[in-house]
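Because the structure is a prediction, the values reported are computed rather than measured.
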Amino acid sequence: MACKIKAPLVKVIIDEKGQIQEVEDQHSSWYRPDLDSALPLSGMHYGWSIEDIAKKASISKPVYTAQVDVAGNDEGDKDDRNTISVQPSELLKLDVGFWGHYHRKKPQRNFGVICGRNVWLCDYKAGGASYPPKGHKPRKGSAAEKFFHAFCDEKYGAEVIRHAIAKPSNLVKKLKSNQLYVIFPDLHLPEAWPDIPPESQRHPVKKARDQLRHELREAQRQPSLLSTNPLSTKEQASIQEYFELMHLGKATASNSYAKKLAGYNYVDGFTTMPDGAGGVVTVPTYKKTAFTYQHVMWEKAVLDRQIQSTSCWFYPPENRNDSTGAANPDPCVAVDFLNLLCIVKKLKNDGVDVRVLQVGDLYELWMNHEFLYLDFPVDQKGAGSSTKLRFIKSIMNSTKDGYQYRMDRDWHLPPGTVHPIKRYVYNEWPYDTLVNRFKVGNQITPAGSKTLPVARLCRVLGDRVQAIQDFKMPDPKKLSKKMRSDWAATFGGDFSSTYDVKNSQGNTETLWNKAILDGLDSLGMRSIYGNHDGYRGDPLLKNGAGRAACDPWISDPGIWVEHGHRWDDYNRDGMAFGAGVTNIVYYYFDDIVGLDGTLGNLSYFIDQEREAFIPGAALWFLLINYGKHPKNGQKLDAFFSQSGKTVHPFGIYISGHTHSPELLRVRFELSAWASFKGFFG
């Protein structure tokens with residue numbers, strides 16, 4: 001059965017030296033990557049500096065003659081001639097998209113499959129399924145056929161979005177037809193949310209606690225009347241001091257916020273009174289009540305849960321419980337993912353050679369968090385595309401809150417003062433620092449690392465990873481009934497006894513993130529880091545990551561896997577700007593990055609596929625497969641392997657980062673001028 005959903009063709013035009021001149025695709029007649037600051041790269045990436053190499057490397061093999069197809073003559077006809085067709089080199093570029101509720105209105109369930117030279121980009125469907133999958137029928141008896149059949153057997157669906165077959169060449173000849181790759185995209189698993197408080201332990205006056213939550217929310221915003229925030233900087237500092245004193249069990253007698261809570265003045269209603277000019281005005285009426293520390297902590301938990309659920313990229317939007325004001329989203333996205341893991345595990349148990357890969361941003365380690373590289377040396381000031389920086393800065397300034405630096409426990413300010421808990425009140429991130437690019441761990445000398453607070457940073461990283469594994473949420477619709485039985489049959493052990501725990505109210509909730517991570521580990525997953533969880537791959541910090549520690553890239557014969565953020569000028573390793581944007585997104589997700597909001601409507605302005613990601617993948621393809629070092633003539637696959645991990649030639653490039661699933665055929669062709677010069681010698 002022929003594939004109905006073929007991967008689109010993109011042409012990369014190169015000169016006689018192998019330098020990329022233009023990109024032609026279905027969206028645009030041409031694009032000049034050299035006009036954008038994203039390429040060539042500057043600084044270090046994965047421990048490599050490739051800027052000079054990218055500009056000066058020679059291409060040892062003409063990429064436009066990588067393959068020669070021959071149509072044989074008729075054996076009985078001596079006048080018939082063999083037909084030789086010179087075929088250009090091709091790269092398959094697979095972006096595996098995203099799994100979660102980033103789009104809000106429509107969830108994503110993307111993943112990739114490779115079997116031999118066949119590549120599929122798929123959508124997981126929770127409803128019934130039929131075989132063959134829509135779009136393409138795999139070869140009979142292949143590992144891919146068994147994989148897609150398993151969906152049908154389990155009453156799930158795997159819809160093919162795109163399909164492509166890599167051209168036969170030395171670059172992909174080691175790919176085995178009986179070996180199956182399953183590639184999972186970005187997940188952004190969130191940290192644990194506070195428990196919903198027991199109603200009996202909350203403050204009895206609803207109006208008072210609603211006002212308190214509003215005040216705590218304002219404490220996390222820019223203090224000024226221009227920002228419509230009545231709290232002053234001094235009042236915010238008092239709130240932070242109150243939380244820290246109570247955390248340490250110290251007296252709060254001199255703390256102004258503690259005094260305010262002892263006689264909390266809340267708006268009980270409204271009344272009318274003469275305005276002195278013959279009319280009337282409506283004014284609030286006040287009452288006083290007292291809040292205990294436990295009352296405050298419960299309202300803080302409700303507020304934090306609301307904000308965290310609204311800003312979450314993996315689980316669906318909040319379904320707010322009106323009686324508590326707390327959010328209680330549906331775990332369907334985790335259940336779907338665990339169903340897919342059960343299918344893969346069953347195949348593995350049945351003897352299918354399955355390799356599981358994950359392309360980074362498995363963990364969400366940036367949102368509402370301190371940027372752990374701020375203590376590192378600065379590599380570049382004013383790094384990144386100035387056009388994009390100005391554009392996004394103008395969008396962020398529309399919130400009147402600027403960027404925030406969400407410092408974690410044991411932060412120091414002023415010098416010598418150690419703060420025992422995370423900074424809760426507003427803390428602006430200075431713009432000059434925001435646009436710096438910092439040297440990451442693999443660029444730091446052993447002597448230089450001794451001046452950094454590595455022990456604290458590792459501890460903070462460990463806190464974040466543990467908080468993600470501790471995430472729990474109810475299963476109110478019993479969505480996972482079949483999944484739980486499948487888990488026992490495939491992974492072994494009882495799912496409920498392993499992952500169901502009691503919350504602070506004694507109600508049962510499920511450790512969804514831990515189940516996902518355990519399932520991936522059981523499948524022998526190889527994961528790499530992305531920009532949102534890059535710390536777990538940093539040589540200086542990853543000791544604090546525990547089992548989350550990972551490599552920066554994966555190179556198998558025929559396949560290259562990276563997150564893809566090194567082609568993104570404001571999200572590369574060490575870039576403060578990406579973390580700054582993510583921190584403000586914590587409060588304004590649906591308006592700013594929800595893809596139903598501001599940036600979604602203006603996404604054409606920052607479309608990076610043509611300007612960065614296609615040229616980036618093409619550049620790496622040329623360097624690794626055909627490049628020679630400009631100084632010593634060494635093949636570049638061998639040169640980059642000197643980092644201690646072999647870099648293999650490849651014909652399939654896999655990435656994530658963009659949350660936009662796509663499978664492309666990237667064809668390399670000589671420019672007209674290069675062909676003209678070549679024709680005349």
Does the plane of the ring in His563 sit parallel, tilted or perpendicular to the ring in His657? Use 30° and 60° as the thresholds.
perpendicular
Report the residue from Phe640, Tyr529, Trp48, Tyr653 that forms a ring pair (Phe, Tyr, Trp, His ring centres under 6.0 Å) with Trp553.
Trp48
Answer yes or no: is there a side-chain heavy-atom contact under 4.5 Å between Ile161 and Leu663?
no
What do the steps show when you test Phe621 against Phe668 for ring pair (Phe, Tyr, Trp, His ring centres under 6.0 Å), and what is the final call?
CA-CA 10 Å; Phe621 174 86; Phe668 295 84; 4.8 Å; yes
To the nearest 0.5 Å, what is the distance between OH on Tyr363 and SG on Cys550?
9.0 Å
Test item: His648 and Asp637 side chains (from C-beta on) under 4.5 Å apart, heavy atoms
no
Please check if the distance between the ring centroids of Tyr431 and Tyr403 is under 6.0 Å.
no
If you take all heavy atoms of Val160 and Ile5, which pair is closest and at what distance?
O-CD1, 3.1 Å
Could you give the distance from CG (Asp551) to CD (Glu562), rounded to the nearest 0.5 Å?
13.5 Å
Is the shortest heavy-atom distance from the side chain of Val119 to the side chain of His163 under 4.5 Å?
no
Atom CD in Gln404, atom OG1 in Thr582: separation rounded to 0.5 Å?
13.0 Å
So which heavy atom on Ala57 is nearest to which on Leu623, and how close?
CB-CD2, 3.9 Å
Would the distance check show the side chain of Ser311 and the main-chain N or O of Tyr587 forming a donor-acceptor pair, the cut-off being under 3.5 Å?
no
Please round to the nearest 0.5 Å and tell me the distance separating atom CG of Leu9 and atom CD of Glu24.
9.5 Å
Lys167 NZ to Leu91 CG distance, which is reported to the nearest 0.5 Å:
13.0 Å
What is the minimum heavy-atom distance between Ile50 and Arg566, and which atoms define it?
CD1-NH1, 4.1 Å
Any side-chain donor paired with an acceptor under 3.5 Å for Asp573 and His565?
yes
For Ser142 against Ser177, the heavy-atom pair lying closest together
CB-O, 4.5 Å
Main-chain N/O of Met367 paired with Asn583 side-chain donor or acceptor, under 3.5 Å
no
Regarding Arg162 and Glu662, does a basic nitrogen lie under 4.0 Å from an acidic carboxylate oxygen?
yes
Measure from the ring center of His659 to the ring center of His188 and say whether it is less than 6.0 Å.
yes
Between His369 and Tyr586, is the side-chain contact (heavy atoms from CB on, under 4.5 Å) condition met? List the steps.
CA-CA 10 Å; His369 284 307; Tyr586 178 69; over 6 Å; no
side-chain contact (heavy atoms from CB on, under 4.5 Å), that's the test. Do Leu523 and Val354 meet it? Break it down for me.
CA-CA 8 Å; Leu523 288 167; Val354 183; over 6 Å; no
So, are Asp353 and Arg355 salt-bridged, with charged N and O less than 4.0 Å apart?
yes
May I ask you to decide whether Asp336 forms a salt bridge with Arg109, counting only side-chain N to carboxylate O separations under 4.0 Å?
yes
Ser89-Tyr626 side chain donor-acceptor pair, cut-off 3.5 Å:
yes
Before giving the answer on side-chain contact (heavy atoms from CB on, under 4.5 Å), spell out for Tyr181 and Ile559 the whole-Å C-alpha distance, their side-chain angles and the decisive distance to 0.1 Å.
CA-CA 10 Å; Tyr181 281 91; Ile559 294 175; 3.6 Å; yes
List the residues meeting salt bridge (charged side-chain N to carboxylate O under 4.0 Å, His left out) with Asp186, not counting sequence neighbours, and say none if there are none.
none
Using side-chain heavy atoms (C-beta onward) and a distance below 4.5 Å, is Phe148 in contact with Trp120?
yes
Surrounding NZ of Lys645 (heavy atoms of other residues, nucleotides or ligands, distance under 6.0 Å), is the total greater than 12?
yes
Arg437: what forms a salt bridge (charged side-chain N to carboxylate O under 4.0 Å, His left out) with it, not counting sequence neighbours?
none
How far apart are the closest heavy atoms of Pro185 and Gly97, and which atoms are they?
CB-O, 3.4 Å
Side chains of Ile624 and Phe650 in contact at under 4.5 Å (non-hydrogen atoms)
yes
Ion pair check, Arg572 and Asp379, cut-off under 4.0 Å
no
Close side-chain approach of Leu92 and Val666, heavy atoms under 4.5 Å
no
With side-chain contact (heavy atoms from CB on, under 4.5 Å) as the test, would you mind laying out the steps for Trp99 and Trp313 before giving the verdict?
CA-CA 9 Å; Trp99 190 295; Trp313 292 12; over 6 Å; no
Can you check whether Tyr373 and Tyr535 have ring centres sitting under 6.0 Å from each other?
yes
Is the Trp620 ring parallel, tilted or perpendicular to the Trp560 ring (thresholds 30°, 60°)?
tilted
Taking the side chain as every heavy atom from C-beta outward, state whether Leu357 and Val359 have any atom pair closer than 4.5 Å.
no
With distance as the sole test, does Asn571 use its side chain to make a donor-acceptor pair with the main-chain N or O of Asp568 at under 3.5 Å?
no
Looking at Asn110, is its backbone amide N or carbonyl O close enough to the side chain of Gln108 to form a donor-acceptor pair, meaning the two atoms are under 3.5 Å apart?
no
How about His101 and Val333: do any of their side-chain heavy atoms sit closer than 4.5 Å?
yes
Would you call the rings of Phe371 and Phe438 parallel, tilted or perpendicular, where under 30° means parallel and over 60° means perpendicular?
perpendicular
Can a donor-acceptor pair be found, under 3.5 Å and without considering hydrogens, that links the side chain of Glu364 to the backbone of Trp366?
yes
Over all heavy atoms of both residues, which pair between Asn436 and Gly382 is shortest? Give the atoms and the distance, please.
OD1-N, 4.0 Å
Any side-chain donor near an acceptor of the partner, Ser527 and Arg536, under 3.5 Å:
yes
Once you round to the nearest 0.5 Å, how far does NE2 of His45 lie from CD of Gln443?
8.5 Å
